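Shown next, in structure tokens, is the structure this report addresses.
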Amino acid sequence: MAALKDVAANAGKIGDAIAAASTSVHSTLHDDLSWSGAAKNAAEDRADREQREMRAVATAYFDLESASESLHRAIEYSVEQLEQLVRMHEVEPVVIGNDQAWTVYGMTDENEAANLSSSLVSFATTIAEADAQWKPKIQEAIDEIRRMAPITNNVDSNGNPVLSPERAAAVEYANRWALGRNPDYENLGDADCTNFVSQCLRAGGFKDEGDGGVPQMHRDDNGRWYYDDDTVKVDKSYTWGGAPNLHEYLLRDNPQSGTPSGTEVQTGAINTTTASADPLALSKAGLKPGDIVQYELNDGANAGACATNNEEVSVGS
């Protein structure tokens, strides 16, 4: 009984979150960004499609919530009464049989035994009928959720894993916190992109390298990568929250086992926000979910700097 209530409550919360996220992403791309051209059109078309898909997933969660609540309401009283009758009457030498007739053995008064059996059968029948009515609806909702929103994008069309468990964990973290903030980490506001990427790397199982020792003494060492919140003030390396620093750290020589490192692959450039751009370019370039994308945003202030100043984690297209 408690499990049904938990399923309903959690399904409703997930549905609300998905519905809100679909509206937020759609509104951001359509209303909040000042851009134009083919790239904008492609992104908005995809946002429209994904909003429809996300709303369909949210609806499936709401269906699961409704069916679970309905089954709970339909059987709550009967379950309570059945349990109460068994507790009251099944006292030695009385035994209630585990059969469809709920036969009562060892009771001196045969009429009382028959009446008890009849009551038990009545409550059990109510539970069975409700289960037959609502359990298929619960399963339909679960099947629809699985069809529309696979548990992870770490499966191919046959359901076989395509990513390592570590890479899948990083992608799962990115998907979970892309539209929010993990309260376990410092919020860096608009300059949060590399902080977020480092969180994903840690979620994927990479271990910190070095620490500040004396707080903040070594934070500018690009051979270290760490986040330490055990101090009075959060102590993190520049490589944790700075795009060019992390770029240098990932490409360092002789990385320690278990620490993040990478190989640089140039995938191309988009000259302006109005240029024709394929929103699937990253996937077509060979990136896999979990790869890190680092790029230079040439906004005038950084013109000619030739330095990485933004990054993100690819989660697939």
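Quantities reported herein were computed from a predicted structural model and do not represent experimental measurements.
- Classified by interplanar angle (parallel below 30°, tilted 30° to 60°, perpendicular above 60°), the ring pair Trp225/Tyr249 is parallel.
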Which is it for His247 and Glu264 under the side-chain contact (heavy atoms from CB on, under 4.5 Å) test, yes or no, and what are the steps along the way?
-> CA-CA 9 Å; His247 180 265; Glu264 187 173 37; 2.9 Å; yes
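- Distance check: Asp48 CG to Ser22 OG gives 11.5 Å after rounding to the nearest 0.5 Å.
- A tilted orientation is assigned to the rings of Trp240 and Tyr227, their planes being inclined by 30° to 60°.
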side-chain contact (heavy atoms from CB on, under 4.5 Å) between Met107 and Leu116, intermediate numbers included | CA-CA 10 Å; Met107 187 171 283; Leu116 176 58; 3.9 Å; yes
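- The two residues Ser117 and Thr103 have their closest heavy-atom pair at OG-CA, 3.8 Å.
- Of the possible polar contacts, none joining the Ser122 side chain to the Ser118 backbone as a donor-acceptor pair under 3.5 Å is found.
- Residues Ala19 and Ala58 share a closest heavy-atom pair of N-CB, 4.1 Å.
- You'll find the side chain of Thr259 reaches within 4.5 Å of the side chain of Lys207, heavy atoms only.
- Hydrophobic clustering (ILVMFWY, side-chain heavy atoms < 4.5 Å, transitive): Leu71 and Phe62 are in distinct clusters.
- Atoms OG1 and CG, from Thr108 and Asn111 in turn, are 12.5 Å apart once rounded to the nearest 0.5 Å.
- When all heavy atoms of Gln51 and Thr23 are compared, the closest pair comes out as NE2-CA, 4.0 Å.
- The pair Asp208-Arg224 does not count as a salt bridge, with every side-chain nitrogen at least 4.0 angstrom from each carboxylate oxygen.
- Between Thr126 atom OG1 and Gln81 atom CD the span is 11.0 Å, to the nearest 0.5 Å.
- Comment: Glu50 does not engage Arg55 in a salt bridge, judged by the lack of any side-chain N to carboxylate O separation of less than 4.0 angstrom.
- Inter-residue side-chain proximity for Asp16 and Lys13 is flagged as unmet; no heavy-atom pair is nearer than 4.5 Å.
- Note on Val86: it does not cluster hydrophobically with Tyr105, by side-chain heavy-atom contacts below 4.5 Å among ILVMFWY residues.
- Expressed to the nearest 0.5 Å, how far CD1 of Ile18 lies from CD1 of Ile145 amounts to 7.5 Å.
- Taking the side chain as every heavy atom from C-beta outward, Thr239 and Asp221 never approach each other to under 4.5 Å.
- At least one side-chain heavy atom of Glu90 sits less than 4.5 Å from a side-chain heavy atom of Val95.
- The shortest non-hydrogen separation linking Ala60 to Ala141 is O-CB, 3.7 Å.
- At least one side-chain heavy atom of Phe123 sits under 4.5 Å from a side-chain heavy atom of Tyr77.
- The heavy-atom pair separating Gln294 from Leu246 by the smallest distance is NE2-C, 4.1 Å.
- Only one option out of Val7, Thr59, Ile14, Asn10 pairs with Leu64 in a side chain to side chain contact (heavy atoms under 4.5 Å, CB included); it is Val7.
- Under 3.5 Å, the side chains of Arg202 and Tyr185 contain a donor-acceptor pair of N or O atoms.
- Rounded to the nearest 0.5 Å, atoms NZ (Lys137) and OG (Ser68) are 12.5 Å apart.
- For the pair Ile292 and Leu201, the minimum side-chain heavy-atom distance is below 4.5 Å.
- With values rounded to the nearest 0.5 angstrom, His89 atom NE2 is found 8.5 Å from Gln84 atom CD.
- The two residues Ala130 and Ile75 have their closest heavy-atom pair at CB-CG2, 3.5 Å.
- Under 3.5 Å, the side chains of Gln199 and Tyr173 contain a donor-acceptor pair of N or O atoms.
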Candidate pair Glu186 and Arg181, rule side-chain contact (heavy atoms from CB on, under 4.5 Å), full reasoning | CA-CA 9 Å; Glu186 188 177 22; Arg181 304 280 187 179; over 6 Å; no
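- Looking only at distances, no side-chain donor or acceptor of Asn195 sits under 3.5 Å from a matching main-chain atom of Leu188.
- Using a 4.5 Å cut-off on side-chain heavy atoms (C-beta onward), Arg167 and Pro289 make no contact.
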When you look at Ser237 and Asn245, which way does the side-chain contact (heavy atoms from CB on, under 4.5 Å) test go after all the steps?
-> CA-CA 9 Å; Ser237 62; Asn245 306 86; over 6 Å; no
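- With contacts defined as side-chain heavy-atom distances shorter than 4.5 Å, the pair Val104/Trp102 does not qualify.
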